[in-house]
Chemist: 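So that we are looking at the same thing, I have put the structure below in structure tokens.
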Amino acid sequence: MINPIKSASAELRELLMNALGRMTAEGKIEAALLPTFNIEIPADKSHGDFASNIAMACAKPLKSAPRKIAEMICEAIILDGSSFERVEIAGPGFINFFLSQTWFSEVVNDVIDNGSEYGRTDTGRNKKILVEFVSANPTGPMHIGNARGGAIGDCLSSVLDWAGYSVSREFYVNDAGNQVQKFGKSLDLRYSQICSEKCADLMKNYTSNEEFAQAVYDNSNEFPMPDDVYLGADIIVHAKNFYDIHVDKYMNETEEVRRDALCTYAMPINIQKLEDDLGKYRIKYDTWFRESTLHNSGAVEEVIELLKKSGYTYEEEGALWFKSSEFGDEKDRVLVRANGIPTYFVPDIAYHYNKLCTRGFDTAIDILGADHHGYVPRMKAALQALGIAPERLNVVIMQMVLLMKNGEVYKLSKRSGKAVTLETLLDEIPIDAARFFFNLREANSHFEFDLDLAIEQSSKNPVYYVQYAHARICSILRNFESEGIALSKMSNTALNILTAPEEKELIRFIASLPNTVDSAAKDYDPSKITRYSVELASLFHKFYDKCRIKGAEDELVSARLSLCIAVKTVLKNTLDMLKIECPEKM
RNA sequence: GUGCCUGUAGCUCAGCUGGAUAGAGCGACAGACUCCGACUCUGUAGGCCGCAGGUUCGACUCCUGUCAGGCACACCA
């Protein structure tokens, strides 16, 4: 676990504290309470590699001018043997620090030595964290929102893994409750239509069940459906496949038996399809947690009892209510309806209880669409009532996606007239592009997805731009290797010739990967990694353009090749984190 | 009506717990290879950081108000 920026920053803090201590000992300043001060990385490199506002922060307690204090600190500070070679006072009293050339050399070697591990940190201290994402209903295909949620959830999980957490990915399968009833009803209605006289002729015209389904779907006059069911053609396909097996045998059964048989037939197919589609999207879950297990194990009843015991429930108008308003929710919520059936809220509480108590995860993360944001306060309220710290549940809210094509909003797929599915999206654009683009913006911002740009093979397309940088480095290394130039490890002193501004900037940036990983993990924001990779590619191209390798002196050639290897390592690590391909040739 | 989220360059977006002259990409305009991958790079133009107050040495950042857009406000999930 190596973090060059963090180490240097900590070292600098130590140097400053020692300087202040020396000043106090010499009686130059009073041993006043030391104010908090910052060490930051200036945006403008002429302001040094690090800067501190310590002199400004001391101005008040020491009753002295910031610049004067800064001068005293600069006299007292001892840089010999440190990672810093120079200080400077600037502006209203900032003290700017410049890293030594050796520090830069060490970074290059550290990155190469750590290889595929470089960038990992131990910040998470192996705490168990469960990331639940997508959790699409198994009653139909996944939509664009699921596509975004999938990319964000999967990459966030990777980022947390890199930051030292013990991460599990989970899909919550809503295989119980109301929407399953609705699913059964929809299937049954379609099955009944298929078994009717009207359909007999239509069936003869189609050899594929998909085309047949589309025809039935399009002909809503002949085959009307109520509003409160699933209307998609996928339901018709299931019903027809079921019919192909059983013909109209189930029309003699009761409605309940029929619906049950249809559900039992179609649900596993849908769940398998979810798993397959997400697998193609490179998402592999550790667990597929079924809602039905909560019902079957009695966990739902159990959580109702626990809530009753907590004293935060009451009965009114025949229903059981939860006093969520006492925990900041805008109003109380119904747990058990007057008809005795629990609302969806109860199994959800049981599910989160299961995550945090039964299975003992330290933290649970839910990735939810913005349309579910109102749900967060009540879930946190329920956790509190159960004696669970609400901070252990973290919800990442993601805003809606706007698909753009030819400069226009692209809403419906032409074929079905339905919302674009994950499957059709991945037919249109490469998986790399989908995963990358969905992680280009932070979750909680409205996002325009430019489909044209995603398939474009040029530098305008950020994912190509990054992959190209990697392929370019591989090519360079191949060329030198084929010319017999050995790429052996270099000493820090030998790397000290990397002094060009482009080289130092590039090294500074690769040094910041561990910090970026920590920051992305802390904010639950994998887009920081995506943008990091783009900037790294850009800095590499600039370096490559300005600093020629071929034709330079032997020592410089070797040093620059070392830098190339370091950059390649970092590019690969970031793309691996995002599960995006890292081509050696394009 | 109430709550949450979002307003930064023509467009899409960064801006870390308040810091120095507000950034990037695209688009526009002007340039750079007989030379390591031009799928690249360089430069120019473009901003009352939605608006108005407040907090302080200092505010895109924090607080209050206000305007605009998105979303949510079920004994649906």
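In what follows, chains carry the letters A, B, and so on, assigned in the order in which the sequence lines appear, proteins first and then strands, with residues in each chain numbered from 1.
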Chemist: Rounded off to whole Å, could you give me the CD-to-P distance for the A:Gln457 and B:rA38 pair?
Modeler: 17 Å
Chemist: Indicate whether any N or O donor in one side chain lies under 3.5 Å from an N or O acceptor in the other, for A:Thr530 and A:Asn439.
Modeler: no
Chemist: Can you tell me how far CZ of A:Arg259 sits from OG of A:Ser186, rounded to the nearest 0.5 angstrom?
Modeler: 8.5 Å
Chemist: Measuring from atom NZ of A:Lys572 to atom CD of A:Glu581, what distance do you get when rounded to the nearest 0.5 angstrom?
Modeler: 10.5 Å
Chemist: Salt bridge between A:Lys355 and A:Glu132, side-chain N to carboxylate O under 4.0 Å?
Modeler: yes
Chemist: Taking atom P in both B:rC13 and B:rG53, what distance in whole Å separates the two?
Modeler: 30 Å
Chemist: Do the side chains of A:Phe437 and A:Asn461 get nearer than 4.5 Å, heavy atoms only?
Modeler: yes
Chemist: Would you please name every residue forming a ring-ring contact (aromatic ring centres under 6.0 Å, His included) with A:Tyr230, sequence neighbours left out?
Modeler: none
Chemist: Which whole-number value in Å describes the distance from A:Phe345 CZ to B:rC75 C1'?
Modeler: 13 Å
Chemist: Can A:Phe94 be called stacked on B:rG19 when the rule is centres closer than 5.5 Å and an angle between planes below 30°?
Modeler: no
Chemist: Starting from the C-alpha separation in whole Å, work towards a yes-or-no answer on side chain to side chain donor-acceptor pair (under 3.5 Å) for A:Asp366 and A:His352.
Modeler: CA-CA 10 Å; A:Asp366 292 2; A:His352 284 89; 2.7 Å; yes
Chemist: Roughly, in whole Å, what's the span from CE in A:Met379 to P in B:rA77?
Modeler: 13 Å
Chemist: Treating primed atoms plus P, OP1 and OP2 as sugar-phosphate and everything else as base, which nucleotides of nucleotides 12-18 of chain B get B, S or - for protein heavy atoms under 4.0 Å?
Modeler: SSSS---
Chemist: Assess the residue pair A:Tyr344 and A:Asn174 against the criterion (side chain to side chain donor-acceptor pair (under 3.5 Å)); give the C-alpha distance rounded to whole Å, side-chain angles, the decisive distance to 0.1 Å, and a yes or no.
Modeler: CA-CA 10 Å; A:Tyr344 79 98; A:Asn174 293 105; over 6 Å; no
Chemist: If we take the P atom in both B:rA24 and B:rC41, what is their distance in whole Å?
Modeler: 14 Å
Chemist: I'd like to know if A:Asp228 and A:Lys185 make a salt bridge, using a cut-off of under 4.0 Å between side-chain N and carboxylate O.
Modeler: yes
Chemist: Nearest whole Å is fine: how far is B:rC11 P from A:Asp450 CG?
Modeler: 15 Å
Chemist: Is the Lys NZ or Arg CZ of A:Arg441 less than 6.0 Å from the centre of A:Phe449's six-membered ring, within 45° of the axis?
Modeler: no
Chemist: Quick one: stems for RNA chain B, with Watson-Crick or G-U pairs under 3.5 Å, at least three in a row?
Modeler: B:1-7 with B:67-73, B:10-13 with B:23-26, B:28-32 with B:40-44, B:50-54 with B:62-66
Chemist: For A:Glu317 and B:rC75, what is the distance between atoms CD and P respectively, to the nearest whole Å?
Modeler: 10 Å
Chemist: What pairs with A:Phe509 under ring-ring contact (aromatic ring centres under 6.0 Å, His included), at least two apart in sequence or on another chain?
Modeler: A:Tyr532
Chemist: Counting only heavy atoms and a strict 4.0 angstrom limit, can you tell me which residues of residues 465-472 of chain A come near RNA chain B?
Modeler: A:Tyr465, A:Tyr468, A:Ala471, A:Arg472
Chemist: Say we look at B:rA77 and B:rA14: how far apart would their P atoms be, to the nearest angstrom?
Modeler: 35 Å
Chemist: Taking RNA chain B as the partner, which of residues 175-189 of chain A come within under 4.0 angstrom of it by heavy atom?
Modeler: A:Asn178, A:Gln179
Chemist: Look only at the side chain of A:Lys380 and the backbone of A:Pro390, and say whether a donor-acceptor pair between them is shorter than 3.5 Å.
Modeler: yes
Chemist: Short of 4.0 Å, heavy atom to strand atom, which residues of residues 505-518 of chain A count as contacting RNA chain B?
Modeler: none
Chemist: Could you please name the option among B:rA77, B:rC36, B:rA20 that lies closest to any side-chain atom of A:Tyr344?
Modeler: B:rA77
Chemist: What distance separates A:Arg148 CZ from A:Leu425 CG, expressed to the nearest 0.5 Å?
Modeler: 13.0 Å
Chemist: Any salt bridge linking A:Lys550 with A:Glu483? Criterion: basic side-chain nitrogen under 4.0 Å from a carboxylate oxygen.
Modeler: yes
Chemist: Under 3.5 Å, which protein N or O atoms sit close to an N or O of nucleotides 56-62 of chain B? Give each pair with its distance.
Modeler:
unit_1: B:rC57; atom_1: OP1; unit_2: A:Lys60; atom_2: NZ; d: 3.3

Chemist: Output all residues satisfying ring-ring contact (aromatic ring centres under 6.0 Å, His included) with A:Phe289, sequence neighbours left out; order by chain, then residue number.
Modeler: A:Tyr351
Chemist: Under 4.0 Å, counting only non-hydrogen atoms across every strand here, what does A:Asp228 touch: a base, just sugar-phosphate, or nothing?
Modeler: nothing
Chemist: Could you please name the option among B:rA77, B:rA74, B:rG37 that lies closest to any side-chain atom of A:Met586?
Modeler: B:rG37
Chemist: Distance from A:Cys564 atom SG to A:Ile549 atom CD1, nearest 0.5 Å?
Modeler: 4.0 Å
Chemist: Distance check, P atoms only: B:rG19 and B:rU61, in whole angstrom units.
Modeler: 10 Å
Chemist: What's A:Cys547 touching, base or sugar-phosphate or nothing? Going by heavy atoms closer than 4.0 Å.
Modeler: base
Chemist: Can you tell me the distance, in whole Å, between the CG atom of A:Leu402 and the P atom of B:rC71?
Modeler: 11 Å
Chemist: Applying side chain to side chain contact (heavy atoms under 4.5 Å, CB included) between A:Arg378 and each of A:Ile349, A:Asp348, A:Asp329, report the one that passes.
Modeler: A:Asp329
Chemist: Mind listing the residues from residues 368-377 of chain A sitting with a heavy atom below 4.0 Å of RNA chain B? Number order is fine.
Modeler: A:Ala370, A:Asp371, A:His372, A:His373
Chemist: Has the side chain of A:Asn53 got a donor or acceptor atom sitting under 3.5 Å from an opposite partner on the base of B:rA20?
Modeler: no
Chemist: Mind checking ring-ring contact (aromatic ring centres under 6.0 Å, His included) for A:Tyr524 and listing every partner two or more places apart, or none if nothing turns up?
Modeler: none
Chemist: Between atom CZ in A:Arg378 and atom P in B:rA77, what is the gap in whole Å?
Modeler: 11 Å
Chemist: Using a 4.0 Å heavy-atom cut-off to protein, can you give one letter per nucleotide of nucleotides 23-35 of chain B, 5' to 3': B if the base is in contact, S if only the sugar-phosphate is, - if neither?
Modeler: ---SS-------B
Chemist: Say we look at B:rC57 and B:rG18: how far apart would their C1' atoms be, to the nearest angstrom?
Modeler: 12 Å
Chemist: Could you work out the separation of B:rA68 and B:rA30 based on their C1' atoms and round it to a whole Å?
Modeler: 38 Å
Chemist: Sticking with atom C1', work out how far B:rU21 lies from B:rG15, rounded to a whole angstrom.
Modeler: 15 Å
Chemist: Given B:rA77, is OP1 or OP2 found less than 4.0 Å from the side-chain N or O atoms of A:Asn137?
Modeler: no
Chemist: Compare all side-chain heavy atoms of A:Tyr353 with those of A:Leu294 and state whether any distance is below 4.5 angstrom.
Modeler: no
Chemist: How many angstroms lie between SG in A:Cys74 and CD1 in A:Ile89, if you round to the nearest 0.5 Å?
Modeler: 4.0 Å
Chemist: Give A:Glu88 one of three labels, base, sugar-phosphate or nothing, depending on what nucleic acid heavy atoms sit under 4.0 Å from its own.
Modeler: nothing
Chemist: What distance, rounded to whole Å, do you find between the two C1' atoms, one in B:rG69 and one in B:rA32?
Modeler: 44 Å
Chemist: In whole Å, I'd like the distance from the CG atom of A:Asp329 to the P atom of B:rU2.
Modeler: 18 Å
Chemist: At 4.0 Å (heavy atoms only), tell me whether A:Glu535 reaches a base, stays on the sugar-phosphate, or touches nothing.
Modeler: nothing
